[in-house]
Each structure stands twice: as structure tokens, then as C-alpha cells.
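Right, one structure below, let's go through it.
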Amino acid sequence: MVDNPDRLPELLIIGAMKSGTTTLYMQLAERTRVYLAENKEPHWLTKDEVLTPEGKARYAGVYRNARPDELLCDASTGYTKLPQHTAVVERALKVLPDGFRVVYLVRNPVERALSHFRHEFVAGSASDKIDDEVRNSENYLNFSRYAMQLRPWLEALGRERVRVVTFERFVANQEEVLSELAEFAGVELQTASGIPAKAYNQSKNKPRRNALWDAIYNSKVYRRLIRPNLPVGLRLRLFKLLLPKTDPSGLKPKDETLDWLREQLAPDAAELAEMLGAEPLWPELASLAPPPETVSD
């Protein structure tokens, strides 16, 4: 138990959705003294309720089982989902401890958008018409506009309290990235001996939501009796047993849809690189971005 029951997170993992946040979350939980809530994404900073004494206490209650020497972490991709969730940074500044730090994982924005679609398909929230779906929902584009999502955090906290890591580098150099992020967070990273690298929350072969599961999930019996008393692992096994598995990787967009996504997302990708003072993070998009405007005398 914590000595101070009102403690709130000192570290935020703010997304992006479908960019490796679950894998980072699990690796930190397994190999550092970072404490993460049982439910990965509390999303408390998306709610005005957190600004009330009662809401702030409920947020702190998420971490009630943490030890005094553990660093508290909130990993919620909803914190970079403008314009769906607004004023997240303002709430964070009002309720979190001074000096809290932020980690933002980003992925090739086109690949992220497609992975996002597959996630929605598996969840039963999108049809299999991928070309129509990605054009008809602004979220696929907006959640891949990393410069737009990151700007409020950088303006509020400054570069020294924000770390941006690409999914591609994390996958290729997981140990190096974990070591850097542990140092950034101020915690010691345990060696990887006996801890196999693993990717979490992949959409392939994941059970797809259907009417049967929704009926069970929304029932009073499940919510009041089963969910509170059934271990998480057992609940997940039940979930997989009841639902048909699906492999959405076969749902591929047309070339013109890919070209459209690249054209839509290239300007923001160029802005992100400039914002970070870095070379283009995804060179294949760099040539599609318009040249920077020049100011004439």
C-alpha cells in the first residue's frame, strides 16, 4: 500500500493508439518499479470529473495498491485523440504532481491508420469495407496526425519532459529504447534474462466482438458478479472461448486509398520532424509534403 493514498501518476504514456503502447506498458510493468493499474487505460484525464475532489480521489484509487517506492504510470491512448478528447493537457497540469513526464509512441501514420481500422473491425465497430471506412471517419487521420496531437504537450511541458519514440525503432531496438525510457522516468531497468520479448494487443487472431458477447458483457450478472470476482486471465480466456477468431490482415486497401492516406498525412509527418528537430521519421512520406513556406522581404 502507498503511504500517501492521494498519489497520482508521475509518468504518462499518451499513445499513439496501435503504436506499441501495450507492449511498452507490459515491459515496464515486468522490468521496472513502475506501477501500472490493472486496467491499462484509465483515461481519467479525458474527464472533467477528475477536477473535482471526488473524481481526483477515484483516480488516485486506481493506484491504491502501489508500493511507496514505485513510480505511478497512466498509459492511456485517449490522451492523444484530439479532437475527440480535448483539454487533456490542462487537466493534467491541474491534478498531476509537478514535474510529471510524458512518453509518446508514434508509428508510420499510414500503417497506424490501417492498424486502427483492423482494431475497429475486430471490435465489431467497422465493416470490412476498408476503403470506405478509412475515408469516412476522421479519427483514422486525426489520431495519426502526431504533430497536432503533440503540440499542446510540448507547449505546456517543454522538450525536456516529453519523449517521442517511433514504433519502428522500438520494435527493432527494444532493449535500447526501454533503457532510455527507464532513465528518462528515473527508474532502474532489470536485465532481460528470462523475460522473452513479446508483442501485445495485436489484432491478428483476436476474438471479434459479436451480439453474443455484447449481451454477456452488458448484462447485470456479468458486471456485478462475474467481472469483479473473476481474475483477468480467466476473463480473457472466456472471451477467447466464446468469440470467433479473425485475421483482419487480409483486409487491404486499394492503391488509391493508400495514396490518399499518404497525401493527407505527409504534411503532419513533416511538421513532426521539424518540431522534434529530426530528420524525416518516415522518408517515404517526406517527398509528398509541401515545401515550407518562405517569407519574402
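Being a predicted model, the structure only gives us computed values, none of them experimental.
The CZ atom of Phe117 sits 11.0 Å away from atom OG1 of Thr257, with the distance rounded to the nearest 0.5 Å. The line from CG of Leu261 to OH of Tyr140 is 11.0 Å long, rounded to the nearest 0.5 Å. Atoms OH and CG, on Tyr25 and Asp74 in that order, are 10.0 Å from each other to the nearest 0.5 Å. In this structure, OG1 on Thr21 lies 11.0 Å from CD1 on Ile14, to the nearest 0.5 angstrom. Interatomic distance, CG of Leu150 versus CD of Glu155, reported as 9.5 Å (0.5 Å rounding). The CG atom of Leu51 sits 10.5 Å away from atom CH2 of Trp44, with the distance rounded to the nearest 0.5 Å.
Under the rule for a ring-ring contact (aromatic ring centres under 6.0 Å, His included), the partners of Phe143 that lie at least two apart in sequence or sit in another chain are His116.
With Glu263 contributing its side chain and Leu288 its backbone, the two residues share no donor-acceptor pair below 3.5 Å. Side chain of Arg161 to backbone of Phe100: a donor-acceptor contact under 3.5 angstrom is found. A donor-acceptor pair is defined here as one N or O able to donate and one able to accept, closer than 3.5 Å; no such pair exists between the side chain of Arg33 and the backbone of Glu188. The closest donor-acceptor contact from the side chain of Arg107 to the backbone of Lys18 lies under 3.5 Å. Using modelled atom types, one side-chain atom of Tyr63 and one backbone atom of Cys73 make a donor-acceptor pair closer than 3.5 Å. The backbone N or O of Ala16 sits nowhere less than 3.5 Å from a side-chain atom of Thr80 that would complete a donor-acceptor pair. A side-chain donor-acceptor contact under 3.5 Å links Arg91 to the backbone of Leu45. Panel note: side chain Ser76, backbone Tyr79; no donor-acceptor pair is recorded below 3.5 Å. Remark: the backbone N or O of Glu111 is not paired with any side-chain donor or acceptor of Ser115 at under 3.5 angstrom. Between the side chain of Arg163 and the backbone N or O of Val103, no donor-acceptor pair lies under 3.5 Å.
The ring-ring contact (aromatic ring centres under 6.0 Å, His included) pairs that include a residue from residues 264-284 are Tyr146-Trp282, where partners are two or more places apart or lie in different chains.
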With side chain to side chain donor-acceptor pair (under 3.5 Å) as the criterion, how do Glu120 and Asn139 come out once you've worked through the C-alpha distance, each side chain's angles and the decisive distance to 0.1 Å? CA-CA 11 Å; Glu120 298 295 341; Asn139 287 343; over 6 Å; no
Derivation of the side-chain contact (heavy atoms from CB on, under 4.5 Å) call for Tyr104 and Leu154: CA-CA 11 Å; Tyr104 189 28; Leu154 284 180; over 6 Å; no
Please lay out, stage by stage, how Leu12 and Trp153 fare under the test side-chain contact (heavy atoms from CB on, under 4.5 Å). CA-CA 11 Å; Leu12 299 179; Trp153 292 101; 3.8 Å; yes
Would Arg118 and Leu114 count as a side-chain contact (heavy atoms from CB on, under 4.5 Å) here? Give the steps. CA-CA 6 Å; Arg118 296 180 186 114; Leu114 296 177; 3.9 Å; yes
Could you go step by step and tell me if Leu189 and Glu175 meet the side-chain contact (heavy atoms from CB on, under 4.5 Å) rule? CA-CA 10 Å; Leu189 183 70; Glu175 195 68 20; 4.0 Å; yes
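Residues Asn142 and Lys81 are not in side-chain contact: their nearest non-hydrogen atoms beyond the backbone lie 4.5 Å or more apart. Inter-residue side-chain proximity for Leu178 and Leu24 is flagged as met; some heavy-atom pair is nearer than 4.5 Å. Here the side chains of Val62 and Leu8 are not in contact, with every heavy-atom distance at 4.5 Å or above. Asp268 places none of its side-chain heavy atoms less than 4.5 Å from the side chain of Pro109. No side-chain heavy atom of Val110 sits under 4.5 Å from any side-chain heavy atom of Glu284. When side chains are defined from C-beta on, Pro152 counts as touching Leu82, because their heavy atoms get closer than 4.5 Å. Under the 4.5 Å side-chain criterion, counting only non-hydrogen atoms from C-beta, Asp131 is not in contact with Glu256. No side-chain heavy atom of Arg135 sits less than 4.5 Å from a side-chain heavy atom of Gln264.
Met148 and Leu272 are assigned to two separate hydrophobic clusters, defined by single-linkage of ILVMFWY side chains at heavy-atom distances under 4.5 Å. If you chain together hydrophobic residues whose side chains sit under 4.5 Å apart, Leu281 and Met17 never meet in one group. In this structure, Met275 is a member of the same hydrophobic cluster as Val102, with clusters built from ILVMFWY side-chain heavy atoms closer than 4.5 Å. In the hydrophobic clustering of this structure, Leu105 does not group with Val171; members are Ile, Leu, Val, Met, Phe, Trp, Tyr whose side-chain heavy atoms approach within less than 4.5 Å, directly or through other members.
In plain terms, the two heavy atoms of Leu276 and Arg159 that are nearest each other are O-NH2, 3.1 Å. Closest of all the heavy-atom pairs between Gln174 and Thr23 is NE2-CG2, 4.0 Å. Considering all non-hydrogen atoms of both residues, Gly78 and Glu41 come closest at N-OE1, 4.1 Å. Closest of all the heavy-atom pairs between Ser144 and Ala113 is OG-N, 3.7 Å. Of all heavy-atom pairs spanning Leu93 and Ala156, the tightest one is CD1-CB, 3.9 Å. Listed here is the closest heavy atom pair of Ala66 and Leu72: CB-CD2, 3.5 Å.
A salt bridge links Arg58 with Glu49; the closest basic N to acidic carboxylate O contact falls under 4.0 Å. The pair Glu176-Arg169 counts as a salt bridge, with a side-chain nitrogen and a carboxylate oxygen less than 4.0 angstrom apart.
Cation-pi geometry between Arg112 and Phe167 is not met: the NZ or CZ atom fails to fall both under 6.0 Å from the ring centre and inside 45° of the normal.
Taking a 6.0 Å sphere around CD of Glu180, one finds it holds more than 12 heavy atoms contributed by other residues, nucleotides or ligands.
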